[in-house]
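Before any comments, here is the structure.
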Protein chains: 4
Amino acid sequence: MLAGAPKFRRRKADRPGEIVQAALQVFSEKGFAAARLDEIAARAGVSKGALYLYFETKEDLFRAVVEQAIAPNIQAVRAMIAAHPGPFADLLRLVPERIAGLLETLPVGGVVKMVIGEAGNFPELARVWHDRLVAQALGAMTDAVAAAQARGEVKPGDPRTYAMQLIAPLLVGVIWRETFVPVGAAAFDVAAVARQHVETMLGGMLAEGARS
Amino acid sequence: MLAGAPKFRRRKADRPGEIVQAALQVFSEKGFAAARLDEIAARAGVSKGALYLYFETKEDLFRAVVEQAIAPNIQAVRAMIAAHPGPFADLLRLVPERIAGLLETLPVGGVVKMVIGEAGNFPELARVWHDRLVAQALGAMTDAVAAAQARGEVKPGDPRTYAMQLIAPLLVGVIWRETFVPVGAAAFDVAAVARQHVETMLGGMLAEGARS
Amino acid sequence: MLAGAPKFRRRKADRPGEIVQAALQVFSEKGFAAARLDEIAARAGVSKGALYLYFETKEDLFRAVVEQAIAPNIQAVRAMIAAHPGPFADLLRLVPERIAGLLETLPVGGVVKMVIGEAGNFPELARVWHDRLVAQALGAMTDAVAAAQARGEVKPGDPRTYAMQLIAPLLVGVIWRETFVPVGAAAFDVAAVARQHVETMLGGMLAEGARS
Amino acid sequence: MLAGAPKFRRRKADRPGEIVQAALQVFSEKGFAAARLDEIAARAGVSKGALYLYFETKEDLFRAVVEQAIAPNIQAVRAMIAAHPGPFADLLRLVPERIAGLLETLPVGGVVKMVIGEAGNFPELARVWHDRLVAQALGAMTDAVAAAQARGEVKPGDPRTYAMQLIAPLLVGVIWRETFVPVGAAAFDVAAVARQHVETMLGGMLAEGARS
DNA sequence: AATGAATGAGAGTTCATTCAT
DNA sequence: GATGAATGAACTCTCATTCAT
């Protein structure tokens, strides 16, 4: 490093980001009400007062956490929506595994727990999650199923229900990891679940003539 | 007033039960920390002090709520486990619909939300739920799947994963109702989901020779 | 006292009244912002939390203090207004002394200090004091002066200003007692000031023909 | 840029003075405790930290404000004291109007409000105001009255009380302006009050033989 | 000299818990 | 058993003060 390089200096670059990170941890462990600002501040490595330099209230911080946790997932959903329009079986074999990958990468587990647990106290956050993320993803899947049905690839049946059937085990796998694994339950390998589930579902969804 | 007339007197028969009922409502709406004993007492129609005649602490009441919410479900699981050992397809066509019926009858939605949301704060309750209910139900399903595989009725594949695949959409339907329907999302008809899901899964699970 | 008389029992009769009393002391010593609820509670002999059984916020308590301090004075002003319509000199010799008596009886000094000091932060309280008390009293005096002028008893001049001239030394006497006496200044005997002031003012106000 | 050019540079000539000015505004609007250093700094056009370059603490700044607000008034009182020793009536006709002029010129209203409102919390400031300003002025008036009594110009009576009677309406006029005019009350024209009051008081104070 | 991000003690407020009645 | 007024510990939030830059 050259002379004149920034010496040891307090990085104030991404204080808000660090705080949101810490808050995500604590909120998803404890829920909104049981989370203490002391602990969030301590994990972020700042004083309690510093939180108020960036967020007006505890609720404000909570909202920031939940909302910013949507962003990376939206990218993923967009990518999925833009997926190639090949045969339905190909699409299906691709998508759930991709989702499984995301679920293991992003800290989505904790956030899902928070959204479910606090939906009653923060309905507007449940709405944001639904409108911007969940409904988008479910809608994209539904459209793909309906298109495949129109092409005669998929048996009759409610396409939105088909879409939900496809996603549900992945979601349950994540919730399971958050809820029961910490108390000793065996985890589900979400990727493995995805593979087996796609094959099973394909077996039940594909029309006779479309069998690979 | 006449002697022996059935006095219009408040039944104090099942005070604890009424309190647990009220507490179930409030806890499942708000979560543990945000629930206020004032409100529970008000909904139960008793004074705040009266709660302490039956429960030592707020946590104690919460535990009572979560634990007693297991009981009726355990019955259902027992019944399911005892189900007749006919062909797998028959069993499957029976079980999920029965579960769907339970999910709509019992106030299981709110409890599921609570258990998920408070698992971090009350791990022992998550454990109780897992050990006494979830693992039992999943284990029973797993055994049935494995048995059917042994009889050659069901394709190879991880039986525990199959079991989870079968249940997941029902669970997601319930969570969806608790989380997103109140903010305007369209509900899933859990019974209809169950019917479609069983047919789809059967299509993918049954071995060639076992097709009905 | 007969048997069955109430034994030693916690008087919960006038808790709010006792709290307001204590709050009046502390608020008038410290002002609104510097007053601490701890101290108010301590002086009222209750816990800090008990304040919130009767008042929603600190502001709420402050308002209650300032508003209830108006009531007894209003009585006095009413009585003064109803004063007999004899010659102006008789009226005047009566009124200021009566006011002086009130000023020494009621804890009006501290309240006046509060109203002046917090008028900027609680304008609605200044308004209430003005409308319900100060303007009433000043208006009554003004009317009496104007009536005496109409009868030719009092020299020309702005009657509202005359009214204020008459009251001002009493008010200053009270403010002086609150502000400078505690730091060593000699007090003014408000009653003596009232007597001397009335005579002086009468000497300057009465028309030639009305001299006694 | 040219050498010697009058750089467009912020005058840092009288930073302390500007800060005290700003602090005077805020303290007299809000009182000591409710005033925020943020706001004082903002109004002074400096950073919050800069305040501490000139004043050790908030109290220190407050003291500076109250003390420096005395200075200009002291000049006025000195001038009044040095007033010519003509007939009492001439003196009196001169002095109150001069005071009225001062009261409208200097920001004395806000300071008076502060001194009254914070006397309980800062008794030493009340003492400074009393000793250096109020007692001086009152003493000078008292001496003038006593001298006039000795010359037979003024009727018997307590000279200190006479002095207070003379000043009181002016003070009340100023307090009224600070307290009740902002909430809609009609103001008093302090100069007009002074004129009428002097004439009224002279009518009551002058001995028979001294009537002009 | 000057900044303003950061601190932390202290305030108002809430609410599970107690206890005299 | 039953009440509800009362408690006090613990929380969120504020703001005078500090200090690295």
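Quick note on labels: first sequence line is chain A, next is B, and so on, each numbered from 1.
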Query raised in the report: Are B:Val66 and B:Val128 side-chain neighbours, meaning at least one heavy-atom pair lies under 4.5 Å?
Result: no
Requested in this report: Please report, rounded to the nearest Å, how far the C1' atom of E:dA16 is from the CZ atom of B:Phe62.
Outcome: 16 Å
Query - Heavy-atom pair with the smallest gap, counting every atom of D:Val20 and D:Gln68 - result: CG1-CG, 3.6 Å
Query raised in the report: Taking all atoms of both residues into account, what is the closest heavy-atom pair of A:Ile40 and A:Ala22, and its distance?
Result: O-CB, 3.6 Å
Query - Complementary nucleotide for F:dG8 - Watson-Crick or wobble, under 3.5 Å - result: E:dC15
Report summary line: From CD of B:Glu39 across to C1' of E:dA16 the rounded distance in Å is 15 Å
Requested in this report: Name the pairing partner of E:dA20, where a pair is Watson-Crick or G-U wobble with both distances under 3.5 Å, or state none.
Outcome: F:dT3
Report summary line: Ordered by number, residues from residues 20-31 of chain A within less than 4.0 Å of DNA chain E (heavy atoms) are none
Query raised in the report: Of the candidate nucleotides E:dT7, E:dA2, F:dG8, which contains the atom at the shortest distance from the side chain of A:Leu53?
Result: E:dT7
Report summary line: B:Ile19 atom CD1 is separated from F:dG1 atom C1', nearest whole Å, by 12 Å
Requested in this report: Give the minimum heavy-atom separation between D:Pro123 and D:Gly120, together with the two atoms involved.
Outcome: CD-O, 3.8 Å
Query raised in the report: Which pair of heavy atoms, one from C:Ala126 and one from C:Ala119, lies closest together, and at what distance?
Result: CB-CB, 4.1 Å
Query raised in the report: Can you check whether C:Val46 reaches C:Arg15 side chain to side chain, under 4.5 Å on heavy atoms?
Result: yes
Query raised in the report: Which atom pair, heavy atoms only, marks the closest approach of C:Glu18 to C:Ala44?
Result: O-CB, 4.1 Å
Query raised in the report: Can you find a heavy atom in the side chain of C:Phe32 that is under 4.5 Å from one in the side chain of C:Asn121?
Result: no
Query - Length of the line joining D:Leu51:CG and F:dA16:C1', which is rounded to integer Å - result: 10 Å
Report summary line: The contact string for nucleotides 10-15 of chain F, one letter per nucleotide 5' to 3', using protein heavy atoms under 4.0 Å with B, S and - for base, sugar-phosphate only and none, comes out as -SBBBS
